[in-house]
**Q** 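There's a structure below that I have some questions on.
Everything quoted here is computed from the prediction, not taken from an experiment. Note: hydrogens, waters and symmetry copies are ignored here, and every other heavy atom, side chains too, is used.
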Amino acid sequence: MDIIDYLKIEKQIVLNEQQISAVNQLDGKTLLLAVPGSGKTTVLVSRIANLLINHRVDSRKMLTLTFSKESAKDMEKRFRVLFGDIYADTPRFSTIHSFCYGVLQTYSKRLNRKMPSLMHNQGGSTGRSTVLKQIYYHINQEFVGDDDLEHLSNLISYIKNMMIEPDDKLGHEQGLSKLSDVYYEYEKFKKENSLIDFDDMLDMALKIFKAVPILLQYYQEKYAHFSIDEAQDSSKIQHEIVRLVAAKSQSLFMVGDEDQSIYAFRGAYPEAILDFQDTYPNSFVLKMENNYRSNKSIVSRANQFIKQNKKRYDKEMFCDNDHQQGVSVIQLSDYADQYHIILEKILENGNLTTAIIYRNNESAVPLADMFERNHIDFYVKEHNASFIENFVVRDVLSFIRLAYDPSDIKAFSQIYYKLYLSKMMFEFAKQRATQYDNVFEVILTIHGLEPYLKARLKNFIKNFSKIKSKSPYHAIRFIEENLGYNTYLKSRANEGYVLENMCQKLNILKSIALHYKNTLDFVGRLTELEDVIKQSAENKSSNITLTTMHSSKGLEFDRVFLIDLVEGQIPSSLAIQEKMNGNADLMEEDVRLFYVSATRARQELILFKSNSSNNEKAYPSRFVSNFFYGLKPQQEVQDIKQIDHTLYGKGMVVSMKNNDIAVVQFDCGIKEISLSYCIENNKINII
C-alpha cells in the first residue's frame, strides 16, 4: 500500500518531497530537522504506519517517546485519525518519564522490592513544593516566595537532567541561598520517606540500565523501532537513556529542531541534536523546511532572525502563504499603552484566535484585569506563580497596610529592613506594639537614639500618613521615591536578583492602580485577580489565550501579540551580561525563545516598543529591531568599534551599556546613543 497516495486520496493530505523522504526513511539512525509548522506529527505517524502496514513490523516492537503528555496524546490521536480505518492496533506513544517509571516497576518486581511512592508537585505534607519550602526555611531561616520556589524546583530538575553536581553559583544567579544544602537535604528526605519525584524516574532508570545489563538487554530486545519526538526538549539524561536502549536497534528516528530548544532551565539539551552524527556514526540528517502555518512576512523574518545564532544547522525556512497582513511594530509613548492597543484590536475583530505572549507569568495580571473589567472571556495557560505572593508585591501592600494602620506589626515585619531599620528596632517595637498606635513612635522611645535616626523616624511618620490621601498609583510612586523602595530594589539587584523583573512587578501594580481611586479598593482587586486568573483555566474554548513564551510552544493562532519586549526581560539581564563576557549560550536561548513565540502566528504578528515604561526609562528589546528590520552580521554589537552618525559625524565606541547603548567619542564630545534605534532608522553607518 502506498502511504503517500493513501494520504492524498483518502485524507486530502499532500506531502512535499522532504516529507515523503522522511516517511520513507525506515532504516538506520535518522535525525529529522523540522522547522515550525512543517507537519512533523503527520510525517512521524505516517512513517510509523509505513513500517506497520507495508513492512509488517509488530506494533509491540515499536516505541515512540516524547517529552509531554500532550504530545504523546496528540500523536496517538493523529495516528488513529489517519490510519485507524486500515490498522486496528495502536503502537505505544509514551512520555519518557512514563517509560522510565515502567523500568522502575519492572526492576522492583524482578527483585521483589517495594516501589517508592511518587511525589506530587503540589499539595500535601509530602508534595514537592511543600517539602522544598520547609527545607529552604530550615536551612536559610527565611521563607521562599512562589517565584523563587519555582526557580528552586527548576534548578533541582536541571541538576538531575544535566547529570551534574549542585553548585551554589547556580542558586546565586537566581537569588537563592545555599542551593547545595537544600538539594542534599531534599534528596535525604526522599530517601528516608521512600519517595521519588519525576526527575528521579530518569536518574534511577539510567542507573538501573548501567548496573543491571540483563534488564537493559530486555528492553533492547523488547523494542526494535524507536521514534523520538521533540528531541530538542529532551535533556542530557534522557538522550543518554535513549542511546542505551536503542543501541542495538537499526531503526531510530529522532525528530526535533535545535532552533526551538527553549527549556534549558530544566535541562533541555540541544547539543544532542547538534552532535547526532557523532553519537550515531553512519546516520542520516533530513530536513523539513516548508512552514505551512504562517505567512511569508512572518516566515521570512523569522528565518533571518534565527540565523544570528551560531550553534545550529543551516536551514532555510520558507512558505507559500502570501497572506498580506504579517508583521507590524507599534511604537508606544509608554509600554503601559500596549494594553489599550490590544483591547482596541480585539474589539475591532474578535473572531480571530488571538494569543498575547509574554515572558513572565505576572504579565497576565494586568491583562486579566483589563479583560475582566471589559467583560471579555479569556484563557490563561499554565499560570503557575502567584503574583500577590511575590516579595515586591507583598512589600508594596505592607507599606500601604502600615500607612492605614501604623500599629500593624506584621506589615512592619515585612518592610522594616527595607527602610534600613535594624532587627533590634523591630524587636523593640514588637515587644511594645500594644502600648502605642504607631510603630515608629515606639522606636523613638529607644534610649540614646542618634539624632539622625530620630529625624528619619519622624520623617517616616509624616510620609506614611501621606499615603492614605493619595490615589493608588501615586501611593506606589510615593513608596518608590519618597520611602526609598527603588533604592532598596537596586541593592537587591547586586545580590543576584534581576532589577528589570522586580521593576516589572511595580509597573504591573501601577498599571492596575491607574483604574482605581481608592487604595483599599485597589488592594482588594489584587486578591480578586488571583481568583479571576484561576477561573480562566475553564475558558479553554475562548478565542483569547494568555500564555508565557515557554508555554506557547506547540500552539498556533491567527494573531499574536508579543508584549513587555524590554531589554533585561527578553533578552534577560543575565543573557546580556554573559554575552558581554564572551558566553553567548543564554543569548542564543533567548533568541530561540523569541523565534518560537513569533512563529506561533498564522496571519498577524504584532510587536510593541517604547523608550518608557510607566514613565520610567526603558530600553526596547533588541529583538524587535532584529526581527522586523534585520541585523547584518557585521553589525553585531560586540564588533562595532567606529561609526559615522548623520548628526555627530564619525566617532569611536568607548564602551557599551546594556549591550545596546553605546558611549561614543565624537569631535563634539561624548554621546550615548541606542545602536538598535540608530540602525533601524538609518542614523549611523558602521565603519
Side-chain angles (χ1 to χ4, degrees), residues 2-26 30-50 66 71 74-75 78-79 81-82 227-233 253-262 270 273 276 284-307 309 312-327 552-560 591-592 594-605 627 630:
D2 191 315
I3 291 291
I4 310 304
D5 285 345
Y6 168 81
L7 288 172
K8 182 178 180 180
I9 297 169
E10 299 296 330
K11 302 299 178 179
Q12 291 74 54
I13 296 174
V14 180
L15 301 185
N16 64 41
E17 289 186 10
Q18 288 183 326
Q19 292 173 323
I20 292 170
S21 294
V23 171
N24 290 324
Q25 181 64 41
L26 305 179
T30 303
L31 171 64
L32 175 62
L33 300 170
V35 305
S38 59
K40 70 176 180 64
T41 304
T42 297
V43 167
L44 192 149
V45 299
S46 297
R47 178 184 174 275
I48 291 171
N50 196 6
T66 188
S71 295
D74 182 48
M75 283 191 291
R78 192 77 62 91
F79 181 87
V81 167
L82 293 180
S227 300
I228 312 299
D229 187 31
E230 301 286 7
Q232 75 280 345
D233 296 337
F253 191 74
M254 189 175 287
V255 184
D257 180 11
E258 78 288 356
D259 289 336
Q260 297 184 71
S261 182
I262 59 173
I273 293 180
F276 185 82
F284 307 94
V285 175
L286 305 178
K287 299 177 185 179
M288 293 199 311
E289 298 163 296
N290 193 340
N291 180 311
Y292 290 95
R293 175 189 301 147
S294 308
N295 62 39
K296 278 188 177 179
S297 177
I298 296 168
V299 169
S300 61
R301 285 183 166 92
N303 183 54
Q304 291 303 313
F305 176 80
I306 196 63
K307 287 183 178 182
N309 278 1
R312 62 184 299 271
Y313 286 94
D314 183 27
K315 298 188 285 291
E316 289 294 337
M317 184 169 63
F318 66 94
C319 80
D320 302 316
N321 182 352
D322 282 323
H323 193 280
Q324 291 302 306
Q325 281 176 285
V327 185
S552 72
K553 192 168 179 297
L555 305 178
E556 57 183 68
F557 307 88
D558 297 330
R559 173 175 55 192
V560 167
V591 168
R592 296 194 294 267
F594 192 94
Y595 170 80
V596 166
S597 304
T599 53
R600 300 308 93 199
R602 287 192 284 258
Q603 301 175 16
E604 188 177 8
L605 173 65
F627 192 90

**Q** So which atom in Ala598 and which in Leu605 form the shortest heavy-atom distance, rounded to 0.1 Å?
**A**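 For Ala598 and Leu605, the tightest heavy-atom pair comes out as CB-CD2, 3.7 Å.
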**Q** I'd like to know if the side chain of Asn295 reaches the main chain of Gln603, judged simply by a donor and an acceptor atom lying under 3.5 Å from each other, with no hydrogens or angles considered.
**A**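 Yes; judged by distance alone, with no hydrogens or angles, the pair exists.
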**Q** Carefully, step by step, assess Leu44 and Met75 under the rule side chain to side chain contact (heavy atoms under 4.5 Å, CB included).
**A** CA-CA 8 Å; Leu44 192 149; Met75 283 191 291; 3.8 Å; yes
**Q** In terms of side-chain heavy atoms, does Asn24 have a donor or acceptor partner in Asn50 at a distance below 3.5 Å?
**A**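 Yes.
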**Q** Would you say Gln12's side chain and Ile9's backbone share a donor-acceptor pair under 3.5 angstrom?
**A**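 It does hold such a pair.
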**Q** So that I can tick it off, tell me whether Asp259 and Arg312 are bridged by a salt bridge, with the cut-off set at under 4.0 angstrom between side-chain N and carboxylate O.
**A**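 Answer for the salt bridge query: yes.
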**Q** Kindly compute the distance separating CD1 (Ile48) from CD1 (Ile3), expressed to the nearest 0.5 Å.
**A**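 Reported to 0.5 Å precision, the distance equals 11.5 Å.
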**Q** Does Ser261 use its side chain to pair, donor to acceptor, with the backbone of Glu258 at less than 3.5 Å?
**A**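 Side chain of Ser261 to backbone of Glu258: no pair is present.
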**Q** Counting only N and O atoms by type, is there a donor-acceptor contact under 3.5 Å from the side chain of Tyr6 to the main-chain atoms of Leu82?
**A**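 Present.
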**Q** What are the two closest heavy atoms between Val255 and Ala34, and how far apart are they?
**A**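 Closest approach of Val255 to Ala34, heavy atoms only: CG1-CB, 4.3 Å.
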**Q** State whether the side chain of Gln19 and the backbone N or O of Thr42 hold a donor-acceptor pair below 3.5 Å, judged by distance alone.
**A**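 Judged by distance alone, no pair lies under 3.5 Å.
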**Q** Determine whether Lys553 and Gln232 satisfy the following criterion, side chain to side chain contact (heavy atoms under 4.5 Å, CB included), listing intermediate values before the conclusion.
**A** CA-CA 12 Å; Lys553 192 168 179 297; Gln232 75 280 345; 3.0 Å; yes
**Q** What distance do Asp257 atom CG and Arg592 atom CZ have between them, rounded to the nearest 0.5 Å?
**A**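 Those atoms lie 10.0 Å apart.
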**Q** Closest heavy-atom contact between Leu286 and Ser21?
**A**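 Heavy-atom minimum between the residues: CD1-O, 4.1 Å.
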**Q** Spell out, as yes or no, whether a donor-acceptor pair under 3.5 Å connects the side chain of Arg293 to the backbone of Pro36.
**A**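 No.
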**Q** Can you check side chain to side chain contact (heavy atoms under 4.5 Å, CB included) on Leu33 and Leu31, steps first, answer last?
**A** CA-CA 6 Å; Leu33 300 170; Leu31 171 64; 3.8 Å; yes
**Q** Over all heavy atoms of both residues, which pair between Val299 and Ser294 is shortest? Give the atoms and the distance, please.
**A**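 Val299 and Ser294 have their closest heavy atoms at CG2-CB, 3.7 Å.
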**Q** Would you find a donor on one side and an acceptor on the other, under 3.5 Å apart, between the side chain of Lys307 and the backbone of Asp314?
**A**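 Side chain of Lys307 to backbone of Asp314, a donor-acceptor pair under 3.5 Å: no, none is there.
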**Q** If you look at every heavy atom in Ala302 and Phe627, which pair is closest and at what distance?
**A**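 Minimum heavy-atom contact is CA-CE1, 3.6 Å.
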**Q** In Å and rounded to the nearest 0.5 Å, what is the CD to OG1 distance from Gln260 to Thr599?
**A**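 The distance works out to 6.0 Å.
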**Q** Salt bridge or not for Lys296 and Asp320, using N-O below 4.0 Å?
**A**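 Here Lys296 does not pair with Asp320 in a salt bridge, since their nearest N and O are not under 4.0 Å apart.
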**Q** For the side chain of Asn303 and the backbone of Met317, is there at least one donor-acceptor N/O pair under 3.5 Å apart?
**A**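 Between the backbone of Met317 and the side chain of Asn303 there is a qualifying donor-acceptor contact (under 3.5 Å).
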**Q** Evaluate Ser46 against Leu7 for side chain to side chain contact (heavy atoms under 4.5 Å, CB included), listing each step before the verdict.
**A** CA-CA 9 Å; Ser46 297; Leu7 288 172; 3.5 Å; yes
**Q** What's the separation between atom CG in Asp233 and atom OG in Ser71, rounded to the nearest 0.5 Å?
**A**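 These two atoms lie 8.0 Å from each other.
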**Q** Taking Glu289's backbone N and O only, do any of them form a donor-acceptor pair with Gln18's side chain (distance below 3.5 Å, no angle check)?
**A**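 Confirmed, Gln18 side chain pairs with Glu289 backbone.
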**Q** When you check the gap from the basic side-chain N to the acidic O, do Glu230 and Lys40 get nearer than 4.0 Å?
**A**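 Yes, charged N to carboxylate O under 4.0 Å.
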**Q** Walk me through it: do Tyr595 and Phe305 pass the test ring-ring contact (aromatic ring centres under 6.0 Å, His included)?
**A** CA-CA 7 Å; Tyr595 170 80; Phe305 176 80; 7.3 Å; no
**Q** Kindly compute the distance separating CD1 (Ile228) from OG1 (Thr30), expressed to the nearest 0.5 Å.
**A**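 Nearest 0.5 Å value for the CD1-OG1 distance: 12.5 Å.
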**Q** Identify the two heavy atoms, one from Tyr313 and one from Ile273, that lie closest to each other, and give their separation to 0.1 Å.
**A**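 Closest approach of Tyr313 to Ile273: OH-O, 2.7 Å.
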**Q** Under 6.0 Å from the ring centre and within 45 degrees of the ring axis: does the NZ or CZ of Arg602 meet both conditions for the six-membered ring of Phe557?
**A**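 Ring-cation test returns no.
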**Q** How many angstroms lie between CG in Leu32 and CZ in Phe253, if you round to the nearest 0.5 Å?
**A**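 Reported to 0.5 Å precision, the distance equals 4.5 Å.
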**Q** More than 12 non-hydrogen atoms from neighbouring residues, nucleotides or ligands closer than 6.0 Å to NZ on Lys8, yes or no?
**A**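 Check fails, neighbour count at 12 or below.
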**Q** Please check this pair: side chain of Ser38 against backbone of Asn291, looking for a donor-acceptor N/O pair closer than 3.5 Å.
**A**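 Answer holds: no.
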